[in-house]
Amino acid sequence: MKINEVSKKYQIASDTLRYWERVGAIPAVSRDAAGYRDYDEEDLNWVSFAMCMRDAGVSVEYLIDYISLFQQGSQTVQARKDLLNDQLEMVGERLSKMQKSYDKLKYKAEHYEKIDKDYKGKMGVH
């Protein structure tokens, strides 16, 4: 799959894909005989992983560290596991804060909905 197809499929800029590859946030992408990027299933899995991590707020630097460890082989399994667990904890903390914010916003919106209904009821508006 060519870069423009990957860009459309995942709704991510081609420049971002090139950047991630250049800095090592995803492994080097397969190339065709002419030297053009030709994403195979493994490359697409790395793109999907990077997108998921970025959507969760994981830094590019973390991705670079993770990919570097992955490329060093099986002796880095524990280090990769530790990195993932650290990120999982950080995402969990952000999720908890986001849930509290969501709950507060929902409460306020419901509060104003009740006020609006009470006001309309007093005015005879249905």
Side-chain angles (χ1 to χ4, degrees):
M1 186 178 286
K2 300 300 179 205
I3 195 167
N4 61 339
E5 296 170 301
V6 176
S7 176
K8 288 178 186 172
K9 177 178 180 167
Y10 291 100
Q11 298 180 339
I12 185 169
S14 297
D15 286 343
T16 299
L17 293 168
R18 287 185 198 95
Y19 169 74
W20 284 353
E21 182 182 1
R22 186 177 70 250
V23 299
I26 61 173
V29 174
S30 307
R31 303 285 179 138
D32 65 15
Y36 292 105
R37 286 173 180 84
D38 190 15
Y39 291 77
D40 61 20
E41 194 64 33
E42 184 176 349
D43 298 323
L44 295 177
N45 288 338
W46 281 114
V47 169
S48 179
F49 175 75
M51 289 181 63
C52 177
M53 296 297 100
R54 294 295 292 137
D55 287 347
V58 174
S59 72
V60 170
E61 291 77 14
Y62 159 81
L63 288 171
I64 294 166
D65 290 345
Y66 182 85
I67 297 302
S68 175
L69 288 169
F70 178 83
Q71 291 172 330
Q72 292 173 43
S74 61
Q75 69 272 16
T76 66
V77 166
Q78 184 62 48
R80 285 182 270 158
K81 179 182 163 188
D82 292 344
L83 279 175
L84 289 172
N85 282 326
D86 288 346
Q87 291 302 307
L88 188 59
E89 185 177 325
M90 291 172 66
V91 169
E93 290 170 6
R94 285 193 300 272
L95 185 59
S96 177
K97 288 178 183 176
M98 191 65 93
Q99 184 64 54
K100 289 176 185 174
S101 296
Y102 174 86
D103 292 345
K104 181 101 172 175
L105 287 167
K106 185 176 179 185
Y107 168 80
K108 294 297 270 182
E110 289 170 351
H111 172 74
Y112 284 110
E113 182 66 29
K114 183 180 180 316
I115 289 172
D116 190 43
K117 283 182 183 178
D118 290 349
Y119 176 75
K120 286 179 180 174
K122 289 179 183 175
M123 299 297 294
V125 178
H126 297 286

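All heavy atoms count here, side chains included; hydrogens, waters and symmetry mates do not.
- Judged as a ring-ring contact (aromatic ring centres under 6.0 Å, His included), the pairs with a partner in residues 53-74 (not counting sequence neighbours) are, in order, Trp46-Phe70, Phe49-Tyr66.
- Within the structure, no pair that satisfies the salt bridge (Lys or Arg N to Asp or Glu O under 4.0 Å) test touches residues 51-73, not counting sequence neighbours.
- Note on Leu88 and Val60: separate hydrophobic clusters, where clusters join Ile, Leu, Val, Met, Phe, Trp and Tyr whose side-chain heavy atoms are under 4.5 Å apart, directly or indirectly.
- With values rounded to the nearest 0.5 angstrom, Leu63 atom CG is found 12.0 Å from Met51 atom CE.
- There is no path of hydrophobic side-chain contacts, each under 4.5 Å, that joins Leu83 to Val77.
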### Query
Could you go step by step and tell me if Glu89 and Asn85 meet the side-chain contact (heavy atoms from CB on, under 4.5 Å) rule?
CA-CA 6 Å; Glu89 185 177 325; Asn85 282 326; over 6 Å; no
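- The hydrophobic cluster containing Leu84 also contains Val58, counting ILVMFWY residues as joined when their side-chain heavy atoms lie under 4.5 angstrom apart, directly or transitively.
- Taking a 6.0 Å sphere around CD of Gln11, one finds it holds 12 or fewer heavy atoms contributed by other residues, nucleotides or ligands.
- Other residues, nucleotides and ligands place no more than 12 heavy atoms under 6.0 Å from the CD atom of Glu42.
- To the nearest 0.5 Å, atom OG of residue Ser14 and atom CD of residue Glu5 are 10.5 Å apart.
- With salt bridges taken as basic N to acidic carboxylate O contacts below 4.0 Å, one links Arg18 and Asp15.
- A 4.5 Å side-chain heavy-atom check between Tyr10 and Thr16 finds every atom pair outside the cut-off.
- The distance from the OH atom of Tyr107 to the OH atom of Tyr112 is 9.5 Å, given to the nearest 0.5 Å.
- To the nearest 0.5 Å, atoms CE (Met53) and CD (Gln87) are separated by 8.5 Å.
- Residue Leu69 comes nearest to Ala79 through the heavy atom pair CD1-CB, 3.9 Å, listed as atom of the first residue, atom of the second, then distance.
- Leu44 and Tyr19 fall within a single hydrophobic cluster, where Ile, Leu, Val, Met, Phe, Trp and Tyr side chains are chained together by heavy-atom contacts under 4.5 Å.
- Note that CD of Gln72 is 9.0 Å distant from CZ of Arg80, once rounded to the nearest 0.5 Å.
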Side-chain donor-acceptor pairs under 3.5 Å in residues 24-36, sequence neighbours left out?
| from | atom 1 | to | atom 2 | distance (Å) |
| --- | --- | --- | --- | --- |
| Ser30 | OG | Asp40 | OD2 | 3.1 |
| Ser30 | OG | Asp43 | OD2 | 3.0 |
| Arg31 | NH1 | Gly35 | O | 2.9 |
| Asp32 | OD1 | Ala34 | N | 3.0 |
| Asp32 | OD1 | Gly35 | N | 2.9 |
| Asp32 | OD1 | Tyr36 | N | 2.8 |
| Asp32 | OD2 | Lys2 | NZ | 2.7 |

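- Side-chain contact check for Gln99 and Asp103: at least one donor-acceptor pair (N or O, by modelled atom type) lies under 3.5 Å.
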### Verdict with reasoning, Leu17 to Tyr39, per side-chain contact (heavy atoms from CB on, under 4.5 Å)
CA-CA 11 Å; Leu17 293 168; Tyr39 291 77; 3.6 Å; yes
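- Environment of CE in Met90: sparse, with no more than 12 heavy atoms of neighbouring residues, nucleotides or ligands closer than 6.0 Å.
- Of the inter-residue distances, the one linking Glu110 atom CD with Leu105 atom CG reads 11.0 Å to the nearest 0.5 angstrom.
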